[in-house]
Amino acid sequence: TLTEVKLWRPNTVMPKGATEYVSICQKGAQNEEAVVALASGVAQIFGDNEQHFASVEQVSETEFHVVEIAVSHGNDVLLKCVGEPREHRFRIVDANGEHVATVEPEAATFSAERRLRVVIEPHGDVGLVVSTVLARERLLSQQGGFSL
């Protein structure tokens with residue numbers, strides 16, 4: 001199954017509102033599987049029912065956490081991204097430290113493009129991993145002007 005990733009910016013940004021959105025959906029589907037909403041220094045992940053599901057938070061220079069938003073039992077770390085942000089090379093592990101995905105730069109066809117290769121383990125949640133990678137890269141680009 002092919003996956004489509006779309007990026008858009010609202011014409012008018014509301015106070016404390018998102019400045020960019022990234023959606024992930026199956027090719028040809030009407031509804032998104034996930035939407036990442038980005039504001040200055042903040043990335044929120046919403047599920048297919050538009051419910052706020054998780055936040056992506058930078059906890060150190062080399063580590064980001066995907067934190068589930070759960071009213072009933074507090075916030076739990078779902079995934080951790082650990083690695084070298086400027087080289088766009090990192091591993092994604094779950095809350096138990098089990099390897100979920102590897103992200104690394106890939107040779108580009110054109111000199112003006114940058115590509116990432118994401119290898120997801122069979123037990124990994126593709127939508128969550130892709131949302132996490134996109135959110136992490138956009139947060140880093142907001143900080144230092146570098147991006148995918």
Side-chain angles (χ1 to χ4, degrees), residues 2-27 29-106 108 113-121 123-148:
L2 295 176
T3 300
E4 293 182 348
V5 178
K6 299 175 184 175
L7 170 71
W8 74 94
R9 292 186 173 120
N11 290 329
T12 304
V13 177
M14 303 303 286
K16 297 186 180 183
T19 57
E20 292 182 289
Y21 295 90
V22 180
S23 67
I24 299 168
C25 63
Q26 296 300 317
K27 186 165 180 66
Q30 294 296 320
N31 297 328
E32 294 97 354
E33 289 185 25
V35 173
V36 179
L38 297 146
S40 181
V42 178
Q44 307 291 328
I45 299 174
F46 294 84
D48 61 356
N49 57 2
E50 298 183 15
Q51 182 177 351
H52 186 199
F53 174 71
S55 298
V56 180
E57 303 172 355
Q58 185 169 5
V59 296
S60 73
E61 188 173 311
T62 59
E63 190 167 340
F64 286 76
H65 288 179
V66 179
V67 179
E68 180 180 23
I69 306 301
V71 177
S72 61
H73 61 278
N75 298 343
D76 292 328
V77 173
L78 297 173
L79 299 176
K80 297 178 184 181
C81 303
V82 182
E84 297 303 320
R86 300 227 183 257
E87 286 80 31
H88 305 279
R89 183 180 313 275
F90 57 98
R91 290 174 20 105
I92 299 176
V93 298
D94 65 16
N96 298 321
E98 186 175 354
H99 183 254
V100 174
T102 302
V103 181
E104 57 190 20
E106 183 174 74
E113 72 179 9
R114 181 175 295 155
R115 294 182 181 205
L116 293 180
R117 177 185 163 136
V118 181
V119 179
I120 303 170
E121 297 296 322
H123 63 275
D125 179 325
V126 174
L128 183 57
V129 168
V130 171
S131 298
T132 299
V133 171
L134 291 169
R136 179 189 179 275
E137 291 296 312
R138 296 307 294 156
L139 285 172
L140 288 170
S141 71
Q142 289 176 351
Q143 291 175 10
F146 63 94
S147 63
L148 277 173

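Quick note: residue numbers are just sequence positions, from 1.
Taken to the nearest 0.5 Å, the NE2 atom of His65 stands 12.5 Å off from the CG atom of Asp76. Atoms CD and SG, on Glu4 and Cys25 in that order, are 5.0 Å from each other to the nearest 0.5 Å. Atom NE2 of residue His99 and atom CD of residue Glu121 lie 5.5 Å apart, to the nearest 0.5 angstrom. Note that the CD atom of Glu84 and the CD atom of Glu61 stand 8.0 Å from one another [nearest 0.5 Å]. Rounded to the nearest 0.5 Å, atoms CD (Glu63) and CZ (Arg91) are 11.5 Å apart. The CD1 atom of Ile45 lies 11.0 Å from the CD atom of Glu68; values are rounded to the nearest 0.5 Å.
Heavy-atom minimum distance, Val100 versus Asp94: CG2-N, 3.6 Å. Closest approach of Leu38 to Ala43, counting heavy atoms only: CD2-CB, 3.7 Å. Smallest separation of non-hydrogen atoms from Pro10 and Glu20: CD-N, 4.4 Å. Listed here is the closest heavy atom pair of Ala18 and Ala37: CB-CB, 4.0 Å. Here the shortest heavy-atom pairing between Leu139 and Gly41 reads CD2-C, 3.6 Å. Of all the heavy atoms in Ile24 and Gly127, the pair that sits closest is CD1-O, 4.0 Å.
The one candidate from Val129, Ile92, Leu128, Thr102 that meets the side chain to side chain contact (heavy atoms under 4.5 Å, CB included) condition with Ile120 is Val129.
Considering only heavy atoms from C-beta on, Thr132 stays 4.5 Å or farther from Phe64 through its side chain. Between Thr62 and Phe90 there is no side-chain heavy-atom pair separated by less than 4.5 Å. Using a 4.5 Å cut-off on side-chain heavy atoms (C-beta onward), His123 and Glu98 make contact. His88 places none of its side-chain heavy atoms less than 4.5 Å from the side chain of Val103. Considering only heavy atoms from C-beta on, Val36 stays 4.5 Å or farther from Arg138 through its side chain.
No donor-acceptor pair under 3.5 Å is formed between the side chain of Glu32 and the backbone N or O of Ala34. With hydrogens and angles disregarded, no donor-acceptor distance shorter than 3.5 Å links the side chain of Ser131 to the backbone of Val35.
For Gln51, the CD atom sits in a loose shell: 12 or fewer heavy atoms of surrounding residues, nucleotides or ligands are nearer than 6.0 Å.
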Could you walk me through whether Asp125 and Leu79 pass the side-chain contact (heavy atoms from CB on, under 4.5 Å) check? CA-CA 10 Å; Asp125 179 325; Leu79 299 176; over 6 Å; no

